Amino acid sequence: MSLFDAFQPIAAIATTPQATQLLHPLCQSLGATLYVPETLPLSDTTICHYQGSLKAHLATIWPNNRAFIFCLATGAVTRLIAPLLKDKASDPAIIVIDPTGQYVISLCSGHQGGADRLAQLIAHHLHATPIITGASHHLNLPAIDLLGLPFGWRKGPGDWTGVSHAIASQKTIQVIQEAGSRLWQENLPQNHPFYFGFGEMGENARPEGRIWISATQRRFAEGSSLPKVQWYPRVLWVGIGCIRGTSQELIASAIQDVCQKYHLAEEAIAGIATIDIKADEVGIIQYCQEKQYPLLTYSADVLNTIDVPNPSDIVKEEVGTYSVAEAAAVYGANYWFSSQGNREQGTGNRKQIQFKKPLLVNKQIVKSEHEAVTIAIAQSELEYTGRTGKIYLVGIGPGSLEQITAAAKTAINEVDSIIGYSLYLDLIKPLQRSGQIIESLPITKEKKRAQRAIELAQWGLSVAVVSSGDCGIYGMAGLVLEELKNSNWDGNNPSIEVFPGITALQAAAARVGTPLMHDFCAISLSDLLTPWDVIKKRLTAAAMGDFVTALYNPRSQTRQTQIVEAQNIFLNYRNSNTPVALVRCAYRQDETIILTNLGEMLNYDIDMLTTVLIGNSSTFYYENWMITPRGYKQVDEQK
Ligand code: SAH
């Protein structure tokens, strides 16, 4: 299951039959390898035996796994892993589950190793309680050493433990953010400890920790009592030109020197940009591969459209543009806007590319005996994440948290960002994780919501778009896929996964009995996006075909007549005694249920929170239960 991809490979260890029974199905969902001692029988080919002591076995598999799940006493686990632990930057996530599967403990490597998140995901999966003891989790704050990961920021130097400790002690932390996304700032709890800005904080107020978020290389003075850390958003685009055959070494040292000279952090480099005829330049390719930088190339004609500080006639003569390094750096820094522009091309309305940021470093020439490289650096407004985005289309069921599938819960907890209508976001608040980017848009702005989700995913984030009920039934899922199609989506990037939910008709039916026991259909009475003639045709067909019928969106303040017409259509084909249930806010706090019939249904309140269930010609009431028979022939199928 892709939800757990970020933690793979995962190993799980059980030493008793009970623990094996608990972990085996979990491992199958997670894609984890389950190890048991030789003394236990193997019930399945997916379980592996280990030979000898668990201690020795653990030492063998330790380097090959990013996460370990134990169903063992925490004391035993602590002793087993103690000799293997190195540091929190490299240790795997350690999870302990109690033998009854009620508690999932994040034991070690909670932040960087991901154990806190994995424990939460597994807990949602097992309907268990996650046990997380890190301070930031309980303050509802993003962990400071994970803050930039969704945006692809690189971690810089600093006293991470010191700043984390100051946050946990609820001290004021100064944040100086000069680059990168500020989305994380918009999702902090009200009483967060951060002070944003350079200035004085007011009388007697002093920060007790500082976070720099910038592309600038800071030197933290040794011995300072103020703990400081630095994150580097990847905003620097290095434009490069060189003589054919220039070595990787000269390119690397030239970029390093230029960065140093201008106090820029190499960690903040997003990528390299050059002219297309350099796409096969070995030194550049090797350098990009080693550093894992993207290499963007542009034609001479494209580069020539940019005004640069240092145009060169010689360069124009040689390659057809007045500038390679400077123009390519500016183009690189605007790659996001230009890629959006290109995407729009298919729809015939190409956006004007807006070149927003000036060059940070004008053309610098670095030479050795036979080689020469030209470098310029521009800073982009939006950082490069280096991540492939994904969108989960999630149905959250009719209302109460118990009615959400475990997979949907896990998906909501896993993503970087959640987008939905505010009522639904409130319903799933308990499933949210600190540090997530939550964006609500009004109910009428469904298309905007879909576009925003796509924008964030194209940028590299994982996004959950939530709908009530099932997301694929009058929900957001179709809109997102339609919008993706309009943006010339290749079907893979961003990746899509759909999580089904209990739709209103199932929820309403469950509250009144078994009205959907035989052939049924759903019809939405909203004619905002569908012509009323089409809806009428379907109502007639459903009534004529004797389908049990669920009416969604039955009546709103502006649409009052549709439900009256619907009733009349059904009365043409069905008896006025036909059972009709009006279920409002199923599984929500203000749920109301009215059992009536086709003739009298309009004597009751029906609104946009109601689902109307119209029975077929065989549906009947028995002791306030609405029942549609399983079949009509008198055959005993149970034999
Ligand atoms: N995607 C949703 C449907 C959205 S259309 C789903 O699968 O359930 C909105 C309509 O759904 C409402 O007008 C109402 O008719 C119905 N509805 C949604 N939630 C409901 C609930 N909790 N109780 C009764 N009807 C509901």
Side-chain angles (χ1 to χ4, degrees), residues 392-405 407-408 411-412 419-428 441-447 449-450 453 464-482 498-513 515-516 520-530 535 538-539 542 548-564 566-567 580-596 601-602 604-614 626:
Y392 293 154
L393 302 168
V394 184
I396 60 164
S400 88
L401 284 183
E402 286 95 72
Q403 303 298 333
I404 304 186
T405 67
I412 288 167
I419 292 184
Y421 169 48
S422 53
L423 172 69
Y424 307 147
L425 293 176
D426 286 346
L427 288 173
I428 56 163
L441 284 164
I443 191 103
T444 50
K445 297 276 189 270
E446 280 92 357
K447 200 166 163 185
R449 241 181 278 161
V465 181
V466 298
S467 294
S468 78
D470 185 275
C471 54
I473 299 177
Y474 313 119
M476 287 294 299
L479 267 178
V480 171
L481 290 184
E482 279 177 57
V498 188
F499 292 80
I502 295 174
T503 186
L505 71 82
Q506 288 170 289
R511 302 300 290 138
V512 298
L516 303 177
F520 66 88
C521 66
I523 300 177
S524 164
L525 295 194
S526 169
D527 55 358
L528 297 179
L529 299 172
T530 311
I535 300 173
R538 290 182 187 168
L539 286 167
V548 176
T549 304
L551 301 180
Y552 282 68
N553 302 307
R555 174 150 67 192
S556 74
Q557 279 177 347
T558 52
R559 290 186 301 100
Q560 298 280 331
T561 57
Q562 286 81 351
I563 187 74
V564 183
Q567 182 202 31
V580 168
L582 309 175
V583 183
R584 187 176 185 277
C585 294
Y587 292 99
R588 295 188 194 157
Q589 267 181 348
D590 32 5
E591 177 186 273
T592 54
I593 294 172
I594 289 161
L595 299 179
T596 173
M601 59 182 265
L602 294 184
Y604 302 93
D605 281 345
I606 294 177
D607 65 7
M608 280 297 278
L609 297 171
T610 312
T611 297
V612 178
L613 294 174
I614 304 175
M626 184 174 175

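Every number for a ligand or one of its atoms is a count from 1 in the order of the listing. As the structure is a computational prediction, the values presented were derived from the model and not from experiment. Heavy atoms only: backbone and side chains are in, while hydrogens, waters and symmetry mates are out.
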Mark the output for [X] as yes if a heavy-atom distance to ligand 1 is under 4.0 Å, and as no if none is.
X	result
Tyr552	yes
Gly399	no
Ala508	no

List the closest protein heavy-atom neighbour of [atom]: residue, atom name, distance to the nearest 0.1 Å.
atom	answer
atom 10 (C) of ligand 1	Asn553 OD1, 3.5 Å
atom 20 (C) of ligand 1	Ala504 CB, 4.0 Å
atom 19 (N) of ligand 1	Arg588 NH2, 3.5 Å
atom 13 (O) of ligand 1	Met608 O, 2.6 Å

For [X], the ligand 1 atoms whose distance to one of its heavy atoms is below 4.0 Å:
X	result
Pro554	15 (O)
Val583	24 (C)
Thr611	14 (C), 15 (O), 16 (C), 17 (N), 24 (C), 25 (N), 26 (C)
Thr503	6 (C), 7 (O), 8 (O)

Please report whether ligand 1 has a polar contact with [X], defined as an N or O pair separated by less than 3.5 Å (distance criterion only).
X	answer
Ala586	yes
Ile502	no
Ser467	no

Does CG belonging to Asp607 count more than 12 external heavy atoms closer than 6.0 Å?
->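 For Asp607, atom CG is crowded (more than 12 foreign heavy atoms under 6.0 Å).
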
Heavy-atom distances under 4.0 Å are what count here, so tell me which part of Leu505 touches ligand 1: side chain, backbone, both or neither.
->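 None of Leu505 does.
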
Hey, does the side chain of Glu591 reach the backbone of Tyr587 with a donor-acceptor pair shorter than 3.5 angstrom?
->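 Flag set: sc Glu591 to bb Tyr587 pair under 3.5 Å.
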
Side chain proximity check, Val580 to Gln567, heavy atoms < 4.5 angstrom =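 A side-chain contact under 4.5 Å is absent here.
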
